[in-house]
Structure formats: structure tokens, C-alpha cells
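Order of the sequence lines sets the chain letters (A, B, ...), proteins ahead of strands, with each chain counted from 1. Values below: all heavy atoms of this structure, side chains included; hydrogens, waters and symmetry mates excluded.
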2 protein chains.
Amino acid sequence: MRVLLIEDDHVLGAAIRDHIASNGHGVDWMQRLDDARLALSTMTYELVLLDLNLPDGRGLDLLRELRAARNPVPVIITTAQDQVAIRIEGLNSGADDYLVKPFDLSEMSARLAAVARRSSANPLPVVTIGPITLDLARKVAMVDGKSVVLTAREWVVLQRLLSHRGAIVTKGDIENSLYAFGAEVESNAVEVYVSRLRKKLGRDFVSTARGLGYQVAT
Amino acid sequence: MRVLLIEDDHVLGAAIRDHIASNGHGVDWMQRLDDARLALSTMTYELVLLDLNLPDGRGLDLLRELRAARNPVPVIITTAQDQVAIRIEGLNSGADDYLVKPFDLSEMSARLAAVARRSSANPLPVVTIGPITLDLARKVAMVDGKSVVLTAREWVVLQRLLSHRGAIVTKGDIENSLYAFGAEVESNAVEVYVSRLRKKLGRDFVSTARGLGYQVAT
DNA sequence: AGGAAGCTGACAGCAGCCTGAAATCGGACC
DNA sequence: GGTCCGATTTCAGGCTGCTGTCAGCTTCCT
């Protein structure tokens, strides 16, 4: 896997580069946004690790440019602890995940692997459960051959449940997927969405484990 | 996982407690250091979330006491935005991580999970005992290849028994896992749950050590 | 045998969940 | 900006089955 690292701090940058390289991946390390732009327009990367505090421009701009150009490369952003607002903005601008500085290098590796796996290795399969067919990539659902329209939030809940198919997923987990890093929701939103999914996909699609969470049968 | 939350702010405390609980963990919420001390000397926690701005003494003292007593329980401290010095002092005093107020609840969850994972190192294995398979993380149980549904409380008891597999676990221990500190139960609830587990998982799964407690064979 | 400890079926109560409906949000379009 | 409309979030009332309790029984030990 080839990773583009955009980080202006020399010490941290070198540490990250060495750590990723030691995991057997190729790393291009850019310290300025313009260099990164050039690299991105020349090469194809499977993952971008982007520091949002760069000296020569806002890293967010680069992210937005990528998404505006329909470049789907997975991007993980890094910010300082107290920059919650920037983090949220980053996720809304199309980042796939984030890391808060200072972070563990091993934790970073785990995130990298997770994001890469999520976006490339598994190209979101078509799932069939009884009479239900779900095309996660194309966001198309069918029940008994009839097309059913799901909303954005409903897909999020569904994806969370299916990514742990057979396991019991807690409401907190689902909530975290729904409201990644923005304002907290203080109501039974998850219950409502489960209810909607059941109405659309069938009552037995999701089972409730009282006090534990929800589960989609294997 | 059982978490001790030490936070004097009523609103924030309640919000944190509910959020952790919604992820399926047990939470004891103390608002004063003395209560927290008592709880820590009585129960075993897998994680402590400690506010450093408490009215009746410095939270740092509690942290130092814990480390002086060689208590390795992971501690995450929370401080206000501008208390950089205190934060550093906290980390030097043995804190595992810190959160800057105000923080996102979902971010807190992520930190909790990260710290807990880092310090436990064994991410809830799949246990096999004879014909029984228990997936603690996914909360899925099988007996002779057939799926068995366990309730929330039953998992708690099971987890307690398995975390000391081969050893004899006292009823008091199990009771402490089941019920929050202070909320005592006056009945044979533990016996009832052992009975229910036996009915679902098989009679010989748990053996009774009269006058001592219960035991799961190695 | 007698007593202490443990087991388990039954059941009321209530925490947790469901869901229809109302309020609010947010994007599209003029 | 203003208006519309569907999506999202909140709320409240109703329902369900988990939970704690107890009583009567069994098992173990002296």
C-alpha cells in the first residue's frame, strides 16, 4: 500500500514515516501543501494521512479539493486535542477518520489498516438475508424483488449492524456511527431508526437484545 | 467493563454516566473524593475517569495514592481547557490519558475504548468449554452448535466467572459486578443467575464450592 | 437425623424498548 | 431572502419480557 503523509513537523513526520514503512508500506512524506498537491496529481495513493495544521495553507482546503475532484482516496486527518470544531469540519468535508495528537504510532497503524480495509479491500458487498437484498455500495435495497428506498441515516444504521453481522451491537456503537463527532443527540434516535428499518425491511430483520443492543441474524 | 466516574458536575456527570452505560458498561458515579476512595478500596474497576477539579480535594492526590499503592487501574483525567500544567502533572503522576473539557461524548467513548484495550491487551477472546462457545465481545453463545440467547445480567455473571476461570469466585464478587456500588440487593439473586446459566449452558458448566463460591472448569 | 447452604419455578413490577405523531432542520428551487 | 418538502429529531404513551424476590425443595456435611 502506498501512503501519502502530509505533516510539517520534522520529528513527528519522520517517526510516522518510519513506522508506516516498517509495516511494509511505501510512504511519500510531504511537508507542504503544494508538494502534496503535485504528488496527488501525479501518483495514485491508497491512503492519505493529512495534518490539518500546516504552515502554507489549510489542510482542509486540500481535502475539499480532492473531494470536489471526485477523488475517493481514503483520508485520515490529524488535529490537536482542542480542535474539535476543525475535526468536525474535516469529517464533514469528506475525511474518513481522524487522529488526535498526540497519538500512539501503533494506534495510528490500526486506524490506517482499518480505513484502508474498509475502503478498498472490501468493496462493500451485496448482502442477501432471506427475501432482502442490500447493495451497500450503490445504496439500493430490495425486498421480495421490490425496490425499497432508505434514507441516509437508515443506511448508516444498517451498515453498522451488517458490519458486525451476527454480533450484538450496542446502541452507543450505532449512535457513534450516526453522530460521529458533532453534537450529541439526547433521545431515542437509534430506536426510531431501528423501528423504521423494521417497517421497511421486515419485522424480523433486526432482533432486540434487551439491555445489550441489536443484532442481525447471520 | 466496570468504570468509576469521579465528577462533581451533576449535568456533565449524568451525561457521561448515561453514555458509558449505553455502550454496555457498568458505571459507578462518585461526586466526592472520599466516596471514590471507598469505592476503589471495595471494588475492582477496569477504568477510572477522574475529574481533576473537585471541590473536596485535589483529584491528583487520589491518582497519586492509587499509584503509590501499586494500583495499576487505567486512569483518564479530565481538566479544563487552560490547565495545561495540571494536565502534565497528571500524566507524570500516572494518568494513562487525558480529556480536555469540554469534550465530545463520542470522543470520550473512543478514548475509553482505546485505553481499556491498550491496558488489557486481550480483547475478549472467544472461549470454548466442551460443547459451549462464548463470544464475549459479540455477546453470542452457542451450545452444541445451537445459538443460545443470554440476557444482559447473565453475561455479566458469565464474564465474571470466566475472567477468573479455574478459580473460585465468591458470590460477593459476582454481586459487585451485577450491582452498582451502594445499591445492595437482598436476595439470592446470584444463585438465581447461576441457575439460569446452568439451564441454558448445561448443568456442569459451573460447579458449586459450598460456602466459598462458584467455579468454571479450566 | 438435623441443620445449613444452595437450587429453582413462579410472578409482580418496572426498566427498557417501540412507535405514531408533532416539531424542527436543511437543502432545492424560485 | 422566502417557500416548500422530505429527512431528522424529539416526545409521550403503551407494551414487553427481564429482573429481583420469595417459598418450597434438594443436597451436603456432621
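- When rounded to the nearest whole Å, the span between CG of A:L212 and C1' of D:dC18 equals 11 Å.
- Contact check, B:T151 against D:dG17: no side-chain N or O comes under 4.0 Å of OP1 or OP2.
- By the 4.5 Å heavy-atom criterion applied to side chains, A:M108 and A:T78 are not counted as neighbours.
- Comparing A:R196 and A:E191 against DNA chain D, the residue whose closest nucleotide sits nearer the 5' end is A:R196.
- Of the side-chain N and O atoms in B:R210, none sit less than 4.0 angstrom from OP1 or OP2 of D:dT27.
- Residues B:R37 and B:L62 have side chains in contact (heavy-atom distance under 4.5 Å, counting atoms from C-beta outward).
- The distance between atom CZ of B:R198 and atom C1' of C:dG9, rounded to the nearest whole Å, is 16 Å.
- Per the geometry, CG belonging to B:L197 stands 14 Å off P belonging to C:dG9, to the nearest Å.
- A:R203 has its CZ atom 13 Å from the C1' atom of D:dC15, to the nearest Å.
- If you measure from atom CZ of B:R17 to atom C1' of C:dA15, you get 14 Å, rounded to the nearest angstrom.
- For the OP1/OP2 pair of C:dC18 and a distance below 4.0 Å, the side-chain nitrogens and oxygens of A:T208 include at least one atom meeting the criterion.
- Distances were taken from every side-chain heavy atom of B:Y193 (C-beta onward) to each of D:dT19, C:dA15, C:dT19; the shortest belongs to D:dT19.
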**Message:** Could you walk me through whether B:R58 and B:D61 satisfy the salt bridge (charged side-chain N to carboxylate O under 4.0 Å, His left out) test, starting with their C-alpha distance in whole Å, then the side-chain angles of each, then the deciding distance to 0.1 Å, before giving a yes or no?
**Reply:** CA-CA 6 Å; B:R58 297 188 61 197; B:D61 294 341; 5.3 Å; no
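- Residue A:I174 contributes atom CD1, which lies 10 Å from atom P of C:dC18 at whole-angstrom precision.
- Contact annotation: B:S195 does not reach the phosphate of C:dC7 (side-chain N/O to OP1 or OP2, under 4.0 Å).
- For C:dC18, the OP1/OP2 oxygens have no side-chain nitrogen or oxygen of A:K199 closer than 4.0 Å.
- Between the OH atom in B:Y214 and the CD1 atom in B:I168 there is a gap of 12.0 Å [rounded to 0.5 Å].
- Using a 4.0 Å heavy-atom criterion, one finds that A:V192 contacts the bases of the nucleic acid, with or without backbone contacts as well.
- Which of D:dA23, C:dG6, D:dA12 sits closest to the side chain of B:N188 comes down to D:dA23.
- Nucleotide D:dT19 holds its C1' atom 12 Å from the NZ atom of B:K200, rounded to whole Å.
- Distances from the side chain of A:K171 to the nucleotides C:dC17, C:dG9, D:dT19 place C:dC17 closest.
- At a threshold of 4.5 Å between non-hydrogen side-chain atoms, the residues A:V157 and A:V190 do not count as touching.
- The nearest whole Å value for the distance from the CZ atom in A:R153 to the C1' atom in C:dC25 is 11 Å.
- Put simply, B:Y179 has a side-chain N or O that comes within less than 4.0 Å of OP1 or OP2 on D:dG20.
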